[in-house]
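A quick note: this is a predicted structure, and the numbers were derived from the prediction, not measured. One-based numbering, in listed order, for ligands and for the atoms of each.
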Amino acid sequence: MVERQRLNCRKFVGINNSYKLAMGSKDIISEIKQLRKDRNAIILAHYYQIPEIQDIADYVGDSLGLAQQAANTNADMIVFAGVHFMAETAKILNPDKLVVLPDMNAGCSLADSCPPQAFDQFLKQYPDHLVISYINCSAAVKTMSDLICTSGNAVQLVEALPKDQKIVFAPDKNLGAYINQITGREMVLWDGTCEVHDILSTEAIIQMKIENPDAELIAHPECKATVLALADFIGSTTALLAYTSKSKAKKFIVATETGILHQMQRNSPEKSFLIVPSDKTCHCNDCPYMKLNTIEKLYLALKNGQPAIELPAEVLDKAIKPIQKMLSMSLELGLIK
Ligand code: 13P
Ligand code: SF4
């Protein structure tokens with residue numbers, strides 16, 4: 001597990017990206033643009049990436065949007081500026097393409113909270129259950145799943161299933177409990193969490209609400225139930241972003257990862273955004289895995305074609321099925337176009 005670091009603290013969102021990052025005398029941004037063209041590559045970035053990476057990406061989005069982009073791309077190479085399970089998903093969808101992750105150590109505490117062997121044992125207790133896994137899991141866990149979901153479609157996918165369908169949901173117990181609450185289901189939950197969201201304290205949020213009575217609280221469903229109970233709006237990163245654009249509120253307390261503020265501030269420069277900090281010594285809540293990627297590492301990954309995601313053929317064959325099921329159900333339900 002990566003120790004939570006302060007070095008990527010980005011209190012000052014909307015950082016000016018027009019500066020040139022020196023690599024010898026080269027302009028690294030122009031180099032990336034040229035390499036992307038030469039290699040027919042696409043750069044996909046999650047909202048939790050640093051602003052410089054979001055600004056150079058061909059597409060910035062949440063896990064659902066990123067999976068859809070990966071499924072539809074004509075590029076020969078995918079540079080995935082996100083974490084390992086996301087790049088792995090892109091590889092599963094594109095077994096013949098080169099998929100690189102700027103830093104191979106960019107893992108995910110939530111995916112790590114569901115070790116495949118233990119999950120396999122756990123599932124033996126529920127042989128007649130459908131297995132729904134949140135996309136934040138390893139490829140091995142995906143091979144044991146019937147359906148993948150993201151925070152952008154989880155509630156709708158579960159609601160589309162027959163009411164009497166028995167379900168195991170993994171790995172995020174907070175998202176699972178939220179879905180149970182909304183849908184009235186009693187899904188069996190795997191006991192996993194995201195360290196970035198689960199750490200957010202209800203007390204800190206109440207204090208922020210007292211200090212900012214005009215602010216709306218918006219939260220990602222990976223947060224604890226006590227935090228979600230206080231929220232004015234709950235949704236995936238894309239949904240949170242859309243909400244801040246359309247809401248009449250001028251101030252938001254944001255219970256998710258710091259990176260999302262870059263697009264919120266850009267879409268609504270007249271509004272202000274207060275991130276719920278991970279602790280009292282900081283004004284940010286950075287995912288230490290997402291923030292391992294840097295513009296220099298992205299440049300090197302594009303240039304060298306590594307570190308590349310590789311998966312055994314049998315994993316690729318099995319893991320694609322629940323991902324394709326998610327994409328086809330999402331299309332049918334009008335959740336994606
Ligand atoms: P979404 O991209 O679905 O909003 O999830 C956030 C997250 O934790 C990704 O790691
Ligand atoms: Fe994983 Fe949480 Fe980081 Fe998302 S924010 S990549 S769920 S550790």
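- Defined by atom type and a distance below 3.5 Å, a donor-acceptor pair is missing between the side-chain atoms of Gln263 and Asn267.
- In the candidate list Leu175, Val83, Asn136, Asp198, Asn136 is nearest to atom 7 (S) of ligand 2, counting heavy atoms.
- The closest approach between Glu222 and ligand 2 falls below 4.0 Å for a heavy atom of the residue.
- When all heavy atoms of Leu93 and Ala70 are compared, the closest pair comes out as CD1-CB, 4.3 Å.
- The main-chain N or O of Lys97 is found under 3.5 Å from a side-chain atom of Lys91 such that the two form a donor-acceptor pair.
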For a side-chain hydrogen bond (donor to acceptor under 3.5 Å, both in side chains) check, start with the C-alpha distance between Gln121 and Gln117, then their side-chain angles and the critical distance, and finish with the verdict.
CA-CA 6 Å; Gln121 285 303 314; Gln117 278 192 347; over 6 Å; no
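- Shortest non-hydrogen contact noted between Tyr289 and Gly107 is CB-O, 3.1 Å.
- Of all atoms in ligand 2, numbered sequentially from 1 with element shown, those under 4.0 Å from a heavy atom of Cys194 are 2 (Fe), 5 (S), 7 (S), 8 (S).
- Asn285 contributes a side-chain N or O that, together with a main-chain N or O of Val196, makes up a donor-acceptor pair within less than 3.5 Å.
- Each of the atoms 5 (O) of ligand 1 lies under 4.0 Å from some heavy atom of Tyr134.
- Residue Cys287 does not count as close to atom 1 (Fe) of ligand 2, with no N, O or S atom under 2.8 Å.
- With a heavy-atom cut-off of 4.0 Å, Asn136 touches ligand 1 through its side chain alone.
- Listed by number with element, the atoms of ligand 1 under 4.0 Å from a non-hydrogen atom of Ser151 are 1 (P), 3 (O), 4 (O), 5 (O).
- Asp232 places a side-chain N or O within 3.5 Å of a backbone atom of Leu217 that can act as its donor or acceptor partner.
- Here is the list of ligand 1 atoms found below 4.0 Å of a heavy atom in Asp62: 1 (P), 2 (O), 4 (O).
- Close approach of ligand 1 to Met86 (heavy-atom distance below 4.0 Å) involves ligand atoms 9 (C), 10 (O).
- Distances below 4.0 Å separate heavy atoms of Thr237 from the following atoms of ligand 1: 1 (P), 2 (O), 4 (O).
- Heavy-atom contacts of Ser236 reach the following atoms of ligand 1: 4 (O) (cutoff under 4.0 Å).
- Using the six-membered ring where Trp is involved, Tyr48 and His197 have ring planes that are tilted, between 30° and 60° apart.
- Each of the atoms 1 (Fe), 6 (S), 7 (S) of ligand 2 lies under 4.0 Å from some heavy atom of Cys108.
- If you check which protein heavy atom lies closest to atom 8 (O) of ligand 1, you get Glu222 OE2, 3.0 Å.
- At a heavy-atom cutoff of 4.0 Å, ligand 1 is contacted by the side chain of Tyr48 but not by its backbone.
- Considering backbone and side-chain N/O atoms, Thr150 never comes within less than 3.5 Å of an N/O atom of ligand 1.
- Remark: ligand 1 atoms within the under-4.0 Å shell around heavy atoms of His220 are 1 (P), 4 (O), 5 (O), 6 (C).
- At the shortest separation from atom 2 (O) of ligand 1 among protein heavy atoms lies His46 NE2, 2.6 Å.
- Considering Thr193, Asp198, Asp191, Asn180 as possible partners of Lys173, the one that fulfils the side-chain hydrogen bond (donor to acceptor under 3.5 Å, both in side chains) test is Asp191.
- Of the protein's non-hydrogen atoms, Ser109 OG, 3.3 Å is the one closest to atom 8 (S) of ligand 2.
- Nearest approach of Ser236 to Pro221, heavy atoms of both residues: N-CD, 4.3 Å.
- Listed here is the closest heavy atom pair of His220 and Thr237: CD2-N, 3.9 Å.
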